[in-house]
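Everything on this sheet refers to the single structure shown next.
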Amino acid sequence: MTANTETREFQTEIKQLLDIVINSLYTNKQVFLRELISNAADAAEKMRYLSLTDAAAAQGEQPLEIRIETDESAHTLAIVDNGVGMTREELVENLGVIAHSGSKSFIEAMRAGGQDGAPVDLGMIGQFGVGFYAAFMAADKVTLTTRSYRPDGENLIWTSDGAGSYDITPGGDMARGTKVLLQLKDDAHDFAKPDVVKRAIKQYSGFVPYPVFVNGEKVNTVEPIWTKNKNEITDEEYTEFYKYTANAWDEPFYRLHFSSDAPLALSVLLFVPAENLERFGFSRMERGLNLYCKKVLIQEKAEAVTPEWMRFVRGVLDSADLPLNISRETLQDSALVTKLNDVVTSRFIKFLQEEAKNDPGKYAQFWEKFNRFIKEGAANDFAHKDELLKLMRFESNKKAPGELVSLEEYLERAPEEQKAVYYVNGPNRETIEAGPYLEPFRAADTEVLYTFEAVDDYILERATEFQGKKLVAAEQDSVDLPQKTGDSPDGVPPEERAALTAWFKEVLGDQATEVRVSARLTDSPAVTLTNYGTHSMQRMMQLMDQKMTDAPPGILEINCAHPIIIGVNELRKKEDDFAAEAAAQVLQNALLAAGLIFDPRSLVNKLNDVLARAVSGA
Ligand code: ADP
Ligand code: MG
């Protein structure tokens, strides 16, 4: 150490991460090599981009490359690049604190296990923007020598043993770029063997777009796979490319490779990952495809070429029509990019529709993991929502629990004369099937889709129709709902029914907009219907506006054949003062069945009054 040495502590989260990386028994150690090579390639990529846009940076340009040097007797391995390098500030910012929002959740998950308690795979480290620290899987000590491409760049040495702090000292003799020298741990001495390193590179970094040399020997073939013919590419090559481009560890779940010449010259290779990381409580994924023009990378994770809901998709888009030095800003509002976005999105949706048709079982797995994104698109992506609606899946009363139905299948099965597609919302299948809303459908033997989330109702309500049929929620006051034919003569005598409903309305006052005799109930005494929207929407509004404690008044339909309603009618005729209390309770119970009671305490008090009455009458 010299007098110029600056010692700094790692940020707390990084200390925690390092602690995990160093002490984990993770056996797949070559992850570190992939991460360091990927950083070297990123640095080269940034340099290449600068040289396209900045004439000064391009001066005296040597070929960009990555050199790996091994020394078996010294147990060292070095990864050297001639990319952008780092300034002192950049060293502190990039290798001392966490830059990406996703990293903290990764560290949390690493410490506590995933949301479901399962251990999180350390191999995913690179996907969370902390790949550099994987170096400490294999090294006791890391010495990073760097010099920034900037005119004021200094020669600097960064060292750490991963134990909590790092040093920065002036020194080293890099012309430009970064060298990461690892002093290998005892159990990682193998990584000083050129053959081991070469094998790992072929396996995990075969698609790095810059030449990689191991002790002077070139080991990768730099080839943009997406420009090749589909039948010239093996599954393994696709998978390796996916792992490289998505910095992923898993196998891709789906892949889509297509090209076109008109109206746009375009090659696209898309992957759906095996896992939805957002599902494990990680933060939002970063949207974007890597954008190329004739095999030259223009921008990584270009957001403009896919809609937000497609953020789970990884891959590349190469278009000869893109100008080479297009900037991020111009990308956002270029008409060409808007067109590309539409082509890619439409093609991807069509691909999913075909997959769903050809292998429904596999699609069901996809749906289970990724339905969030499809729903987000169906709710927000105005241009594609109709096609996205076809990708939605639901449980239904005509299917066993867990089996799924699409809207198209629903209509194929529905009788010609059926006016609408029906859906009913509830927290789960059991609650829906025990509730009053399913009764008319059961009685009419009509299929009804189950929606378990408010967003489902939001999408269906906004879509209003599908292939010419209305989409109707079971709680809506709609003439399109199945009705029983003819008034049942049982129960409350038909000539007393008008008086009964008028009396109900008077007793309930503003709590119901209307009270009428139900033509749909079979088992329940009453049901409440909405005048507008769906109950899901009302519940959501309720959640947002905490002050609002009661649901907006709806229509109350009473079942004149039900013993409770018959009983209330008798009490009414006797002018028993319990009649009004019972009527109020009928409404409360209907609201409860609708999931619209937000303060159960008020209900308990009323129930106690009713119970007191029942007990005293006994
Ligand atoms: P990520 O690569 O996802 O950003 P890393 O932990 O791998 O996360 O690296 C953190 C940052 O350190 C990089 O974003 C980059 O700015 C910097 N860095 C790492 N390695 C190099 C390198 N070889 N050359 C230049 N900068 C580097
Ligand atoms: Mg990295």
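Numbering starts at 1 and runs along the sequence shown. This is a predicted model, so every value here is computed, not measured.
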Candidate pair E9 and K15, rule salt bridge (charged side-chain N to carboxylate O under 4.0 Å, His left out), full reasoning:
CA-CA 9 Å; E9 291 278 303; K15 284 189 194 167; 2.5 Å; yes

Show, in sequence, the C-alpha distance, side-chain angles and deciding distance for H384 and D342, and conclude whether the side-chain hydrogen bond (donor to acceptor under 3.5 Å, both in side chains) test is met.
CA-CA 9 Å; H384 303 104; D342 185 52; 2.8 Å; yes

Does the pair L266 and V343 meet the rule for a side-chain contact (heavy atoms from CB on, under 4.5 Å), with working shown?
CA-CA 10 Å; L266 186 69; V343 170; 3.6 Å; yes

Show your working on side-chain hydrogen bond (donor to acceptor under 3.5 Å, both in side chains) between D318 and T227 and close with a plain yes or no.
CA-CA 8 Å; D318 191 324; T227 59; over 6 Å; no

Chi angles and distances behind the salt bridge (charged side-chain N to carboxylate O under 4.0 Å, His left out) call for E69, R67:
CA-CA 7 Å; E69 291 152 15; R67 296 194 164 269; over 6 Å; no

Before giving the answer on ring-ring contact (aromatic ring centres under 6.0 Å, His included), spell out for H75 and F191 the whole-Å C-alpha distance, their side-chain angles and the decisive distance to 0.1 Å.
CA-CA 8 Å; H75 308 302; F191 288 103; over 10 Å; no

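Ion pairing between a basic and an acidic side chain is recognised when a charged N comes within 4.0 Å of a carboxylate O; D235 and R255 show such pairing. With salt bridges taken as basic N to acidic carboxylate O contacts below 4.0 Å, one links R372 and E453. Checked for salt-bridge contact, K230 and E232 miss the test: no charged N lies under 4.0 Å from a carboxylate O. In summary, R311 and E303 do not engage in a salt bridge, as defined by a charged side-chain N under 4.0 Å from a carboxylate O.
Ring geometry, F348 versus F351: the interplanar angle falls under 30°, so the pair is classed parallel (tilted spans 30 to 60°). Using the six-membered ring where Trp is involved, W158 and Y166 have ring planes that are parallel, under 30° apart on the 30 and 60° scheme. Ring pair Y254/F366 is tilted by interplanar angle, where 30° to 60° counts as tilted.
T146 approaches G85 most closely through the heavy-atom pair OG1-CA, 3.4 Å. In this structure, V142 and F132 approach most closely via the heavy-atom pair CG1-CZ, 4.3 Å.
Donor-acceptor pairing under 3.5 Å is recorded for the side chains of T245 and N290. For the residue pair D71 and S73, a side-chain donor N or O sits within less than 3.5 Å of a side-chain acceptor on the partner. A side-chain donor from one of D167 and T7 sits under 3.5 Å from a side-chain acceptor of the other. Side-chain contact, N155 with R147: a donor N or O sits under 3.5 Å from an acceptor N or O.
A distance of 7.0 Å separates CG of D140 from CG of D186, quoted to the nearest 0.5 Å.
Applying the side-chain contact (heavy atoms from CB on, under 4.5 Å) rule to A274 yields the partners D250; only residues at least two apart in sequence or on another chain are considered. Listed by chain and number, the residues in a side-chain contact (heavy atoms from CB on, under 4.5 Å) with E387 are I349, Q353, K390 (sequence neighbours excluded). With sequence neighbours excluded, the residues forming a ring-ring contact (aromatic ring centres under 6.0 Å, His included) with Y242 are F271, listed by chain and number.
By the 6.0 Å and 45° rule, K362 stacks over the aromatic ring of F253.
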